[in-house]
Every structure is written in structure tokens, then in C-alpha cells.
Amino acid sequence: MIGKTEQADKRTHFTERAWLEINLSNLRHNAKALQKAMPEGCALMAVVKCDAYGHGGVLAAKELERTGVRSFATATMEEAVRLRENGITGEILILGYTDAGRARDLCGYNLMQSVIGYEYARLLDEAAACAGVSVQVHIKIDTGMHRLGISAGKTSEAGMVFAMQNLEVCGIYTHLCCADSMRPEDIACTRGQIASFYRLTGALEKEGIRLPKLHIQSSYGLLNYPELRCDYVRAGIALYGVRSKPENDTVLNLELRPVLSLKSRVVLIRPVKKGETFGYGRQFLAERDSRIAILPVGYGDGYPGDLSCGRGCVLIGGYSAPVIGRICMDQLAVDITEAEEIRMGDTALLIGGAGVSSQTAPAVAAASGRIANELLCRMGARLPVVPVE
């Protein structure tokens with residue numbers, strides 16, 4: 001049994017270089033806020049793909065399941081199996097491709113697989129027959145994104161999946177390609193996708209097919225089209241309390257709280273004299289006698305190299321310190337000349353917080369030419385995850 005002292009020592013070890021803090025209280029709050037905004041009878045399907053957008057897939061799923069969330073979505077079978085092997089008992093939908101030859105494993109782990117096309121469904125049905133199993137599936141419908149799914153105009157193909165002897169159709173869904181946009185042309189496109197989806201499901205009903213559970217909305221689908229009555233909302237980025245872009249306005253303005261913070265330590269403070277250069281390529285030229293703080297975190301940990309040379313900043317004790325020179329794989333440097341109180345061992349906040357702070361994930365992502373989804377998913381695997389309340 002690990003005592004309190006040993007636990008404290010372990011946490012100190014985790015936070016001696018750089019780490020991710022995952023605020024479980026905020027995660028629970030966001031789940032409840034989203035559930036409250038959903039129509040009656042609609043369930044939250046927590047999207048925990050890509051290690052829960054960098055937040056720790058098992059950690060997030062366990063916390064959500066403790067609060068009553070019973071549906072999850074991953075991108076790959078490996079992600080889904082990892083959840084099962086760590087005790088997640090709720091239903092799990094795999095949103096991406098799984099080789100049809102793994103039908104036995106899909107059944108054995110009690111997973112639901114997305115049908116990404118009619119030919120794929122046929123192969124999966126044949127593989128399931130050979131393995132002597134039945135596979136649960138959700139049929140993906142392509143309503144205009146043109147990525148995965150059976151075309152919304154091919155009702156007969158969708159209907160034939162229902163007739164396959166070794167596939168149990170548990171759901172039908174589509175994905176909205178521009179639900180985050182409030183431009184009139186994008187709203188028209190989204191409305192067209194929604195109408196196309198319901199035309200297909202209506203046609204299936206007319207053929208005597210009993211419809212399974214339906215889902216259309218991801219995070220922005222709910223935030224901008226909350227009136228849709230579906231059986232699930234597949235919440236991803238909203239569940240983690242941030243927007244993809246700082247400028248994303250939404251119809252619903254829920255109080256969502258950021259879950260992830262990226263922090264590091266000041267491990268060295270170096271004087272750089274006026275006229276001296278610093279770092280790879282000598283990209284920083286000191287225009288005054290300067291104090292430079294070294295942080296042992298870099299692009300190898302997921303902090304974008306595009307924030308080099310003053311395009312990024314970090315917060316240390318309330319002081320916004322600009323990044324100087326090139327960000328390295330394992331280190332970066334910031335100018336603390338005007339903050340004499342900063343000392344070695346101080347904590348730096350690189351990503352985190354809410355409001356209009358330059359450290360929010362959407363703001364940091366935008367400064368590096370990305371969206372928050374990509375930034376968070378890139379948080380390096382070597383960063384320890386420290387859950388906090």
C-alpha cells in the first residue's frame with residue numbers, strides 16, 4: 001500500500017519537468033452542462049478518441065463512467081480495447097476503420113463498429129459469419145462530407161445492411177462538416193445535411209425497417225442545432241471545455257470549463273548580454289542585458305514549434321513571458337528581464353485557463369496556425385498526466 005508521503009513524492013516527481021494537469025471537476029461539470037442542454041431522452045456519447053483529445057482516454061472515461069455516462073466513442077479498435085481492458089463497461093462505438101478480419105475481436109470485446117461503406121459491411125458480415133459471431137454496428141451515412149459512409153442517396157444499400165445476417169444494426173449516424181460555422185452558406189449546407197439524413201431514415205421506415213438509435217450532432221452540432229431530437233450527442237471538444245477556434249460563436253453559450261493545463265518548471269535562469277545571440281540559428285538577438293528562463297518542455301511534448309521567436313508566451317507568476325529563439329524538441333526559452341521576482345523552480349503555464357487569456361488552448365492553437373483539437377491531441381505521450389480536483 002502506498003502511503004501519503006510516497007504519493008506526494010510520486011506527484012513531485014511527475015511535476016519536476018513538465019506535466020499535464022487534468023481537472024476532473026471541470027470534466028464532470030462539462031458533462032453535466034452538455035447533458036442538461038440535450039433534449040429529453042438523448043444520451044451523451046463521450047468521444048475519447050486520440051487519448052481523449054490528449055487528456056488521457058482511460059482517465060477521462062473512468063471519471064465519466066463514474067458520473068453515469070454509459071456511451072463512448074473511439075477512433076480505433078486499439079483505443080476501444082484499451083478502455084475495455086481498463087474496466088470501462090459502457091457501450092463503445094468505433095468511429096473509424098477496423099479490418100473486417102477482426103470481427104471475432106469486435107464481438108469478444110463487445111464493441112460497436114461503424115459501417116464506413118456498403119462493401120465494408122459486406123466484408124464484415126462475411127468475416128463475422130466465418131468466425132461464427134454477430135457484430136454490432138452503426139451505419140455511417142455520408143450526407144455531404146464525402147469522407148466515410150454510405151451515400152444518403154443510396155437507401156437500398158443502407159437497407160441491405162439491415163438484412164445482413166451477422167450484423168446487428170444498433171445505430172445510424174452522420175457527421176456535419178461545417179456545424180461550427182455561422183456563415184449563411186454553411187448554415188444552409190448543414191440544414192441540407194440534416195434534411196438528407198432524415199430523408200434516408202424516413203425512406204427506411206417506409207420500407208418497414210425499424211430504425212435503431214440515430215445521432216447527428218457532435219459538439220458544434222449540439223451547440224448550434226440544439227433543437228434536433230436524436231438518441232446521442234457525440235461530444236468531443238466541448239466535453240473538454242474549449243472551442244476549436246477563439247472566434248467560434250455558438251447558438252448555445254454553455255458555461256464550459258477547460259479541463260487541461262500544460263505546465264512546466266523554470267529550471268535555469270541565464271543572463272544574456274546586450275548584443276549576444278541565443279539558441280539555434282541565433283534567432284534571438286539581445287537588444288538589452290536580459291534574463292532568460294529555460295523551461296524543459298518543447299515540441300517533443302506537443303508545444304508547437306510555430307510559437308518560436310515571440311509568437312508564443314507563457315505565464316509565470318502572472319507575468320506574460322515571450323518565447324525567444326527557436327523552440328527545441330525538449331526545451332524552450334522565455335524572456336523574464338522585466339520580472340525580477342521569477343526564480344528557478346517557479347511554475348510556468350503554457351496552455352490552460354479560460355476567458356480571453358492568451359494561454360487558452362484555442363488562443364495558443366490559433367497563434368500556431370492550428371485549431372484547439374489538433375493542439376490538444378498533439379500533447380506528447382511522454383508528458384505525465386496529473387489529475388486534480
Side-chain angles (χ1 to χ4, degrees), residues 26 29-40 42-47 49-50 53-54 73 95 140-149 152 173-201 214-260 304 351-377:
N26 285 357
H29 167 87
N30 294 340
K32 291 176 182 176
L34 291 166
Q35 288 168 324
K36 188 175 180 180
M38 295 175 190
E40 186 178 353
C42 183
L44 172 65
M45 180 179 283
V47 181
K49 63 181 181 178
C50 198
Y53 291 58
L95 299 170
K140 177 74 176 287
I141 302 299
D142 174 20
T143 55
M145 191 165 183
H146 302 318
R147 191 175 61 175
L148 300 177
Y173 74 103
T174 193
H175 192 57
L176 304 175
C177 59
C178 53
D180 60 331
S181 172
M182 289 286 94
R183 296 191 307 171
E185 59 268 36
D186 289 333
I187 293 174
C189 174
T190 300
R191 294 290 183 194
Q193 283 192 268
I194 294 167
S196 180
F197 180 76
Y198 282 123
R199 277 196 299 272
L200 177 131
T201 58
L214 307 181
H215 44 118
I216 297 177
Q217 300 146 302
S218 55
S219 291
Y220 283 101
L222 173 66
L223 296 176
N224 285 328
Y225 302 88
E227 72 282 1
L228 298 180
R229 301 194 66 84
C230 294
D231 295 291
Y232 297 108
V233 166
R234 304 182 308 272
I237 194 67
L239 186 60
Y240 306 109
V242 299
R243 301 187 179 196
S244 296
K245 300 177 182 178
E247 67 271 20
N248 280 151
D249 290 325
T250 53
V251 172
L252 287 185
N253 287 299
L254 306 181
E255 188 211 343
L256 301 176
R257 302 171 183 172
V259 175
L260 178 146
I351 299 172
V356 296
S357 166
S358 59
Q359 306 317 121
T360 66
V364 173
S368 65
R370 295 172 173 83
I371 62 173
N373 311 47
E374 180 182 352
L375 174 72
L376 295 173
C377 288

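These numbers come from a predicted model, not from an experiment. Any value given below was found using the heavy atoms of this structure, including those in side chains, with hydrogens, waters and symmetry copies removed.
- Put simply, the side chain of Thr143 never gets that close to the backbone of Ala152: no donor and acceptor are under 3.5 Å apart.
- Closest approach of Ser218 to Val233, counting heavy atoms only: O-CG1, 4.1 Å.
- Here the CD1 atom belonging to Ile351 is positioned 4.0 Å from the CG atom belonging to Leu375, to the nearest 0.5 angstrom.
- The two residues Pro226 and Pro39 come nearest to each other via the heavy atoms O-CG, 3.9 Å.
- The backbone N or O of Asp186 lies less than 3.5 Å from a partner atom in the side chain of Thr190, making a donor-acceptor pair.
- The backbone N or O of Tyr220 sits nowhere less than 3.5 Å from a side-chain atom of Asp180 that would complete a donor-acceptor pair.
- Counting heavy atoms of neighbouring residues, nucleotides and ligands inside a 6.0 Å radius, atom CD of Glu227 exceeds 12 of them.
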Inset, instruction - Evaluate the side-chain contact (heavy atoms from CB on, under 4.5 Å) criterion for residues Phe197 and Leu176: first the C-alpha distance (whole Å), next the side-chain angles of each, then the deciding distance (0.1 Å), finally the verdict. - result: CA-CA 10 Å; Phe197 180 76; Leu176 304 175; over 6 Å; no
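- A distance-only check finds a donor-acceptor pair linking the side chain of Thr201 to the backbone of Tyr198 [under 3.5 Å].
- Between Arg234 and His175, the shortest heavy-atom contact is NH2-ND1, 3.2 Å.
- Within the 3.5 Å criterion, the main-chain N or O of Ser368 finds a donor-acceptor partner in the side chain of Arg370.
- Within the 3.5 Å criterion, the main-chain N or O of Leu376 finds no donor-acceptor partner in the side chain of Tyr240.
- Across every non-hydrogen atom of Arg243 and Thr250, the tightest pair is NH2-OG1, 3.5 Å.
- Gly236 and Tyr53 get closest at one heavy-atom pair: CA-OH, 3.6 Å.
- No side-chain heavy atom of Arg147 sits under 4.5 Å from any side-chain heavy atom of Asp142.
- In terms of heavy atoms, Cys50 sits closest to Cys377 at SG-CB, 3.5 Å.
- Judged by distance alone, with hydrogens and angles left aside, the side-chain atoms of Gln359 form no donor-acceptor pair with the main-chain N or O of Gly353 at under 3.5 Å.
- Not a single donor-acceptor pair under 3.5 Å links the side chain of Gln35 to the backbone N or O of Leu44.
- To the nearest 0.5 Å, atoms CG (Leu228) and CG (Leu214) are separated by 11.0 Å.
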